[in-house]
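Side chains are part of it too, since the values below use all heavy atoms of this structure and drop only hydrogens, waters and symmetry mates.
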Amino acid sequence: MTDSMSNKTTMDRRSFVTAGAAVATALATAGALSGCAPKAKQEAEGIGAFAPEGTFEGGKTMTTLNDGEWKNVPCFHGCGNACVNKALVKDGVVVRTKTDDTHEDTLGRPQFRGCLRGRCMTELEFGADRLKYPMKRKSWSPENPHGELRGTDEWERISWDEALDIVADQLRAVYTTYGPRAVYKDWDLYHQRSPVLDACGGFLTTWDTASFGSYLSDVSQLGMPFLDDCASRDLGLPFLGEGSVNDRFDLVENPDLIVLYAQNPAWSANGLAGWLFWQAKQRGAEFICVGPEKNASANLYDAKWIRLLPGTDTAFLLAVVYEMVRLDAEQGDVIDWDFLHTYCVGFDDESMPAEAKLQENLLGYVRGDYDGIPKTPEWASAVCATPPEDITYFANAVKKTTNAILSHGYAAGRCSGAEEVPQLFLTVGCLGGHIGKPGNACGVYYCDRSGVGGTMIFKAGDPGDAWDVSSCEPLCAPEKSFVSGSWDAGDYVNGNQIFDAVVEGGYQNVGICWNGSWKPIEQATCDIHFIEGKNDSSLRSAPNTVKGIEAYRSVDFVVMRDYMAKANCCYADVVLPTTGRLQEDDVMVGGQGDREAIQYFTNVLDPEDEAKSNRWVDEQLLERLGYDPSKVYPVSSGQALYNKVAGAAMMNDKKEYETLITLTQEDIDEMGAQGKPQEGKITLAELKEQGIYSIERHSGDAFCHIGYEEFIKDPEKNPLSSSSGKFELYCQEKADAYNMISFDGEQFKPYPTYHDIARIEGYDFVCFSPHYLRTACTDFGNVATLREAWILPLTINSNDAAARGIADGDTVLVSSPYGKILRKATVSGQIIEGAVGLPNGGWPKFDDEGIDRGGCASTLMGAKPTGMGISGHNNIWVTFEKWTASELEPDCDWQLRVEAKA
């Protein structure tokens, strides 16, 4: 195709996807990326409301493209994109899916094409593992829970009335007997509160750095809600939100070099994001990829691979700073000293803040002035295993005369000991002056909102449905009630400690990192008797699955709500089937959506089962506990939808928002809402039919954006939100916060320093968990189609495998101090020696010997929190050996189910 920016012919999206698939296949040896041969047909009793494409009736295909009704399917599962997916529904069954075909695909107005995960959204929610009716574990009773049988007991089907009565009775008993510190609910971004538990008096919950790692904790100094701004109050750190990085047109047109640091968009964000990087490549941008493996992105973009062991980024980046200083002294034009002294504080003596408590800085540290250890490439290489010449290459590549975009993912921050990584990555960007001008940016690029920097062009209205329990009298004694799980600094358990806390009754409370609500570290106690979860995958995603199972078996009662079977459901006493996102109408922009589009999702279908919405469950429980749901929920679901639709707006060329959606009285009545008709740019009927409304963009239009441009033009009039108003390479607030909450007593300085990595004797390999095409965060790991396509292997360096007598395709036993798993080996020369790659997303399946045959990475993980409490998902110490006992069955031969026997 020819794009709207130039006359240069570029690779169209279909060719790009084909190229990406070819590269992915080339990454591994035969068999490594292909799973079982696709099944011709699922068992008839397992199809439910989802029929895989290719199912036959009487020897004829079930449907044609024009037979049935197309419904708009949301995709919201953690890759950062929010692509368009549609499902063809016929006779109450999804029979086919497709992606964005609403307009011609151009760079000015790209199609938002779903990946194979998005195309499996309907199977995710309506597949054979869907929860269809309430169930109770047979051996449970209030008098004797028989907790030791959780995970092995049989299930019996019960009515909604019986299930809700049981849950309400257990809530009443635990709150009146023990109080709210006996109730634990797993925390997550989307379900951090619970109207029922709030009304009863509060609950204990957890916080975790899982997705964003140390970037989250540095951003948390903001004291602002998640995604609300782009700069840390303390560091001025580029992170998330509106404006921190440049517009996508700048990415494509202007950089000489793009650094993909600890990220793999060709796999983890393989829709629009990966394609935009390809467009930059077509226009001449060079690429460098930094990480433990030469991943699909490095191959697709023909990148220079800078290898390093997982969790050793601090040493690598310190050596890069050292080399940039050395090279600048030798050849000049490597460091942008004007940028450092104008927009930053604390790199050298000249830029130190006047009120500095410590008369040290990063320049003196990397030279070895304070500890006698120059942070040379040779010093770093002994830690990170990066060849010294590659460190020098990288330092020279990002010099000030290069138009460079430094794009980081979060993988490097998801390591124990990664506290200093965000400040150091920012430092490298500042040394080269790669912020605030065309072709230069430093921050998280193309992860959320499909990766386009700048203010949101579209927005939705406020639903106005936040609940209020102020009228509810707690079940516990008033003095025992407390707030946890809110944005306020309260009582929280670090994610590394939660299962130990449930079993042993103690933990260290430091507040929560998600908005910087730290408090001085204190020892706290709990006595958990009741666990509740909503769409909870913590037994797959939280640290220490083995200890988690012990925790779930140790309490009096466990209730789980979900639309699909998950590991947490297996260890519950009562399971409540709830509807998912595909069973509601909704509007989405921002967040997991895109800056340049608004999407409308329609209720895909209502299967013939007993699943109810979470709100319905809450209302039923509130009534049984003596509360008035109408006083807790301020508006109806229909009114909340109307408020979002009526308030939807689009920015014009003057950066002013204008009403977007035309609403008729008939539309409002259909929602069951109160409101007034209005005129906009598109009717609600048209938006429902198309599923998406986007705009035509072009280079230089009113929406093009350069991150921090106003700050760079006039730092006095446009200061950052840090104490100094500048990027802080010396940050006293950072040091004070970390030292206040340090779990292991590790001390931090205002500038970034190296901290030794604790090794575990007998475990000589570092296991990391790359995002994988089969899964996205906690989801999709149980979807049969994706299990057939992607086998979830353990990738091992060729030399490491040979030393242990392991060939490609062999079964391998991987062990850590916390658990054991089995996986098939993929032997490759494109992973660094000393590391193994276990894709994120495996679901646990334990055999009689306690070995996880499902390959869940959290089974291997269980370290105590260090520093500020980062969950070390990407530097787990393990060992491995060839497995010669029972054969490991393919994942596509089993699927986790929670169902009652007939």
Side-chain angles (χ1 to χ4, degrees), residues 124 129 131 137 147-153 155 186 208 210 495-496 498-500 502-503 531 533 535-554 558 560 562 564-572 575 767 769 772 774-784 786-787 790-794 811-824 836-863 871-873 876 878 880 883 886 888-899:
L124 175 75
D129 58 335
L131 299 174
R137 190 168 56 82
E148 73 281 359
L149 295 179
R150 292 188 181 112
T152 61
D153 210 350
W155 294 94
D186 185 51
D208 202 332
N496 293 283
I498 183 58
F499 295 138
D500 288 315
V502 173
V503 174
I531 296 177
N535 302 338
D536 186 356
S537 293
S538 58
L539 287 182
R540 190 215 65 78
S541 59
N544 207 339
T545 296
V546 175
K547 192 61 174 270
I549 293 172
E550 181 185 352
Y552 270 59
R553 285 173 168 168
S554 71
V558 180
M560 289 288 139
D562 218 315
M564 60 184 291
K566 293 177 183 170
N568 295 62
C569 296
C570 296
Y571 295 91
V575 174
C767 179
S769 297
Y772 189 52
R774 176 164 128 182
T775 61
C777 296
T778 61
D779 299 311
F780 295 105
N782 206 40
V783 174
L786 295 173
R787 282 174 172 253
W790 300 90
I791 66 169
L792 204 84
L794 181 79
T811 301
V812 177
L813 176 69
V814 188
S815 306
S816 80
Y818 306 99
K820 297 179 179 181
I821 69 166
L822 291 176
R823 284 292 90 191
K824 294 286 186 178
V836 294
L838 176 65
N840 177 44
W843 284 33
K845 180 191 179 187
F846 290 93
D847 63 18
D848 292 339
E849 298 177 19
I851 298 174
D852 177 6
R853 305 178 77 90
C856 176
S858 292
T859 299
L860 302 172
M861 184 182 172
S871 298
H873 291 270
I876 305 170
V878 301
F880 63 89
W883 176 259
S886 56
L888 177 65
E889 65 276 23
D891 290 346
C892 58
D893 282 357
W894 65 274
Q895 186 183 48
L896 190 150
R897 307 273 185 91
V898 177
E899 50 195 5

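- The two residues Asn782 and Gln895 come nearest to each other via the heavy atoms O-NE2, 2.7 Å.
- Gly495 and Asp208 make their closest contact through CA-OD2, 4.0 Å (heavy atoms, listed as atom of the first residue, atom of the second, distance).
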Determine, step by step, whether Tyr552 and Ile531 satisfy the side-chain contact (heavy atoms from CB on, under 4.5 Å) criterion, reporting the C-alpha distance in whole Å, the side-chain angles of both residues, the deciding distance to 0.1 Å, and the verdict.
CA-CA 8 Å; Tyr552 270 59; Ile531 296 177; 3.9 Å; yes
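- When side chains are defined from C-beta on, Arg823 counts as touching Leu888, because their heavy atoms get closer than 4.5 Å.
- The closest side-chain heavy-atom distance from Ser537 to Asp562 is not below 4.5 Å.
- A 4.5 Å side-chain heavy-atom check between Phe846 and Arg853 finds every atom pair outside the cut-off.
- The two atoms that bring Gly854 and Asp852 nearest to each other are N-OD1, 2.8 Å, heavy atoms only.
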Can Val814 and Leu794 be said to form a side-chain contact (heavy atoms from CB on, under 4.5 Å), step by step?
CA-CA 9 Å; Val814 188; Leu794 181 79; 3.6 Å; yes
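- You'll find the side chain of Pro793 reaches within 4.5 Å of the side chain of Pro839, heavy atoms only.
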Stepwise side-chain contact (heavy atoms from CB on, under 4.5 Å) check, Val878 with Val836:
CA-CA 9 Å; Val878 301; Val836 294; 4.0 Å; yes
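- Two residues are said to be in side-chain contact when any heavy atoms from C-beta on lie closer than 4.5 Å; His873 and Asn840 fail this criterion.
- Ser858 places a side-chain N or O within 3.5 Å of a backbone atom of Ala542 that can act as its donor or acceptor partner.
- Residues Val575 and Cys569 share a closest heavy-atom pair of CG2-O, 3.8 Å.
- For the pair Ser816 (side chain) and Tyr818 (backbone), a donor-acceptor distance under 3.5 Å is present.
- Counting all heavy atoms, side chain and backbone alike, Leu792 lies closest to Tyr772 at N-OH, 3.2 Å.
- Seen from the ring of Trp894, Arg787 counts as a face-on cation partner, given the 6.0 Å and 45° thresholds.
- Between the side chain of Asn568 and the main chain of Leu539, a donor-acceptor pair closer than 3.5 Å is present.
- A salt bridge does not link Asp779 to Arg540: none of the charged nitrogens lies less than 4.0 Å from a carboxylate oxygen.
- The shortest heavy-atom contact between Cys570 and Leu896 is SG-CD2, 3.6 Å.
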Would Val546 and Lys820 count as a side-chain contact (heavy atoms from CB on, under 4.5 Å) here? Give the steps.
CA-CA 10 Å; Val546 175; Lys820 297 179 179 181; over 6 Å; no
